[in-house]
Participant: 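Questions regarding the structure given below will be posed in turn.
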Amino acid sequence: MSEAVRIGLIAVSAAVAIGMSAFATALAQSRIGAAMAGAVAERPELVGSAIIMVAIPETMVILGFVVAFLITGLKTAK
Amino acid sequence: MIERMAKVEILGLKDVALDAIDLIHELGTLHIEDLSEKIGKMEGKRVTKMEPDAKFAEHQASLNLLREKVAEMLRDLKTGLEEVSGEEVEREYKLLWSDNLQVMIGSIERLLSEISREIKDPVERKSDLMVELSRLEKYAPIMAKVQPLAARVSKMEDMASIALIIERKYKAILSYLNEEISKVTKGECEIISADVDEESTAALVVFNKRYLKQVHDFLAVQDVNQVRLPSDIAKMPIDEAMAKVRARIAEIPQELEEIEKRLNELTRKYTTKLVAARNAINDRLQTMEAMPKFGQTDQVFIISGWLPEARVKEMEKALTEKFGNKVVMTVTDIREEEQEETPVALRNNPFVRHFELIYLLSKYPKYGTIDPTFIFAIFFPILFGLMVGDMGYGILITLLGYVVYKKWNDKPLANMAGYVMTVSGAWTIFFGAIYLEFFGNLLLKALGRIYEVGGVEHVKYFLGTEHSILKYPIDRLEAFGLMFAISLIIGLIHMGIGLVIGVINGIREKNRKHAIEKGGLLAILLGAIMVIAKFGLAWWPVYATVIGGVLFVGGLALAAFGGGAGGLVEGFVAWGNLFSYIRLYAIGLASVIMAVVANQLASEMGKSGWIGLVVGVIIFILLHALNIVIGVFSPSIHSLRLHLVESFGKFFEPAKFKYEPFKKVGGEK
């Protein structure tokens with residue numbers, strides 16, 4: 001396998017790792033965000049909890065980012 | 001920590017009930033227990049809810065009405081409530097306040113009628129003048145257009161004219177009117193028109209005076225606006241009327257200014273009195289509204305509630321001094337089953353008190369459990385600093401936090417937020433020094449500690465090498481293993497403290513299984529980390545690994561014993577929670593990458609002449625500013641989340657009620 005193909009595959013893998021987790025987070029956040037927006041409209045004092053709730057699925061993209069970062073590190077590995 | 005509370009019952013003769021309620025209200029330390037529900041469940045019903053008599057209800061209705069009137073008057077006077085002196089309000093309040101409701105209501109009514117009398121004329125005159133000005137301003141442009149047309153008509157002796165104003169989009173109606181009025185006047189008419197502005201057109205219908213009535217009758221049934229001038233100028237020749245209108249338009253603002261001055265004087269004169277009246281009404285109504293929460297028998301009233309233990313003596317002394325043996329207060333023990341109902345007040349040292357900000361997002365901890373505010377006070381800034389970790393950003397965050405803290409000294413929330421930000425900024429500087437980051441890798445570059453291999457930048461360490469575990473500075477882009485371990489260790493300590501508190505809470509509440517479950521979870525986490533350490537650290541002793549294994553298995557058994565299947569599941573969830581602390585590294589990593597990119601872009605631009613240098617500086621400022629905003633928002637949210645979900649989630653039991661003493665508050669209710 002040529003070096004260019006190897007680096008390309010590493011880049012694609014990293015992109016998939018961060019991309020898929022970002023997509024999943026976005027999907028979850030859109031649902032939670034919509035529900036919390038409704039809740040906050042009814043009870044404005046819930047705004048703080050709403051921010052925390054929306055932040056909960058961010059664990060996925062954070063782990064995705066860490067994995068992507070690890071994968072990009074492979075390009076210098078022999 | 002949670003303030004120790006005392007449960008008290010106050011019993012007294014009914015003839016001093018209202019005075020006793022007033023005294024308790026004045027002292028402002030008793031959190032009232034609503035006895036109505038308990039009384040409702042009682043059989044035999046010797047005790048009933050305290051209910052006001054008809055006279056009392058009438059006074060309550062009067063006070064509610066007066067409250068509306070005072071609020072309306074404060075709105076009319078457009079008072080700047082923040083300019084009112086608290087001391088003056090207090091003085092006026094004492095003058096208005098009376099134990100005799102009839103007297104108090106009378107004083108407030110007299111005050112309101114005095115203010116009404118004084119402000120009635122200027123307010124009415126102001127309103128009239130505003131209406132007049134608005135009408136004249138509408139006439140002026142119409143008359144300006146009609147004036148030259150009317151001047152021509154006035155030379156024709158037999159002719160009369162009527163001015164119309166029509167919306168421009170319906171301008172086509174003029175030809176219809178011309179046709180119809182021609183029929184009425186047998187052709188002796190003409191319509192002249194001119195646009196006034198973008199929306200309206202003025203028209204002058206000129207016709208023979210003989211047909212005045214017929215034309216008026218015709219126009220009356222059509223949907224067109226005739227320009228009707230105020231009666232005093234309607235009969236004037238148009239030139240004279242025009243001059244008069246212009247003169248009035250110039251005069252009215254001066255008159256309005258005079259009235260405004262007078263109203264401002266009245267506002268200054270009466271605001272303090274009105275605010276005092278509002279506060280007195282609110283405080284009086286508060287005592288009246290609280291009455292159904294108290295109990296009574298034929299002879300005795302009963303008030304039950306909680307107050308801080310430190311304030312019991314003060315209450316006892318005040319009641320004895322005022323009522324002697326007519327009112328008796330007894331302190332009862334808070335039974336275990338009553339802990340849930342006990343209101344919670346926090347009493348922390350000044351440092352920790354600022355971090356009570358977290359209770360905007362959560363309820364207070366339950367009475368009898370441990371107040372975890374100190375965990376938040378210690379860990380929030382550390383976790384924040386660990387994530388942001390940049391001396392430059394830290395200095396800016398500290399300064400900004402300090403400015404907010406000082407500037408909004410009188411606003412508790414902003415003051416607390418400023419304090420939290422200042423402490424977090426200080427930790428950001430500390431961790432920035434460990435990573436040696438100052439606006440990304442700017443300082444490392446300036447010190448010549450960056451070198452490139454194959455287009456990739458590396459750090460020349462002051463202490464240790466790339467392969468050492470301990471080195472200085474810690475380069476977050478390369479030290480994945482170390483940062484991963486630090487994140488997990490911090491997570492273990494943070495969650496561990498939560499679980500230890502869970503065990504203590506279980507013991508305090510005599511909930512043995514709860515304590516065992518939390519202890520088991522702690523053993524699972526510790527044991528698993530001790531086993532995993534063997535795979536990462538070659539020097540890790542075998543006996544520590546064995547102890548870890550025993551702890552892990554024992555922990556599983558304890559968790560299952562304490563919490564059943566839920567306890568076992570919780571054991572695995574705790575592992576997920578522990579790995580969630582990896583965000584401490586990941587969020588910092590994202591921030592440092594963005595800072596490095598900002599520096600790289602700026603320096604590349606700077607290489608292409610002075611325009612490039614300017615663009616480079618702009619890019620540097622914009623990207624770092626964005627990074628700081630994200631760097632403040634995101635770590636705050638994630639640090640909060642690690643507390644509320646990962647740590648507090650392991651032990652926190654929310655209180656049902658916050659300590660809200662029955663006290664005079666005045667203000668808008």
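All chains are named by letter (A, B, ...) in the order of the sequence lines, taking the proteins before the strands, and each is independently numbered beginning at 1.
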Participant: Do you know which of Val645(B), Leu589(B), Leu640(B) has the most heavy-atom pairs under 4.5 Å to chain A?
Facilitator: Leu589(B)

Participant: Tell me every residue that passes side chain to side chain donor-acceptor pair (under 3.5 Å) with Thr59(A), counting only those two or more places apart in sequence or in another chain.
Facilitator: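 Scan of Thr59(A) (side chain to side chain donor-acceptor pair (under 3.5 Å), adjacent residues dropped) gives Arg583(B), Arg641(B).
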
Participant: Checking heavy atoms, do the side chain of Phe484(B), its backbone, both or neither come under 4.5 Å from chain A?
Facilitator: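 Neither part.
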
Participant: Side-chain contact test, heavy atoms from C-beta onward, threshold under 4.5 Å: evaluate it for Ile630(B) versus Ser591(B) and give yes or no.
Facilitator: no

Participant: Heavy-atom distance under 4.5 Å to chain A: side chain of Leu644(B), backbone, both or neither?
Facilitator: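 For Leu644(B), side-chain heavy atoms alone lie under 4.5 Å from chain A.
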
Participant: Parallel, tilted or perpendicular, judged at 30° and 60°: which one describes the rings of His643(B) and Phe648(B)?
Facilitator: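 Taking Phe648(B) first and then His643(B), their aromatic rings stand perpendicular (interplane angle over 60°).
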
Participant: Given heavy-atom pairs under 4.5 angstrom as the criterion, report whether the side chain, backbone, both or neither of Ile56(A) touches chain B.
Facilitator: both

Participant: Once the angle between the rings of Phe65(A) and Phe69(A) is folded into 0 to 90°, is it parallel (under 30°), tilted (30 to 60°) or perpendicular (over 60°)?
Facilitator: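 Ring orientation, 0 to 90° scale: tilted.
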
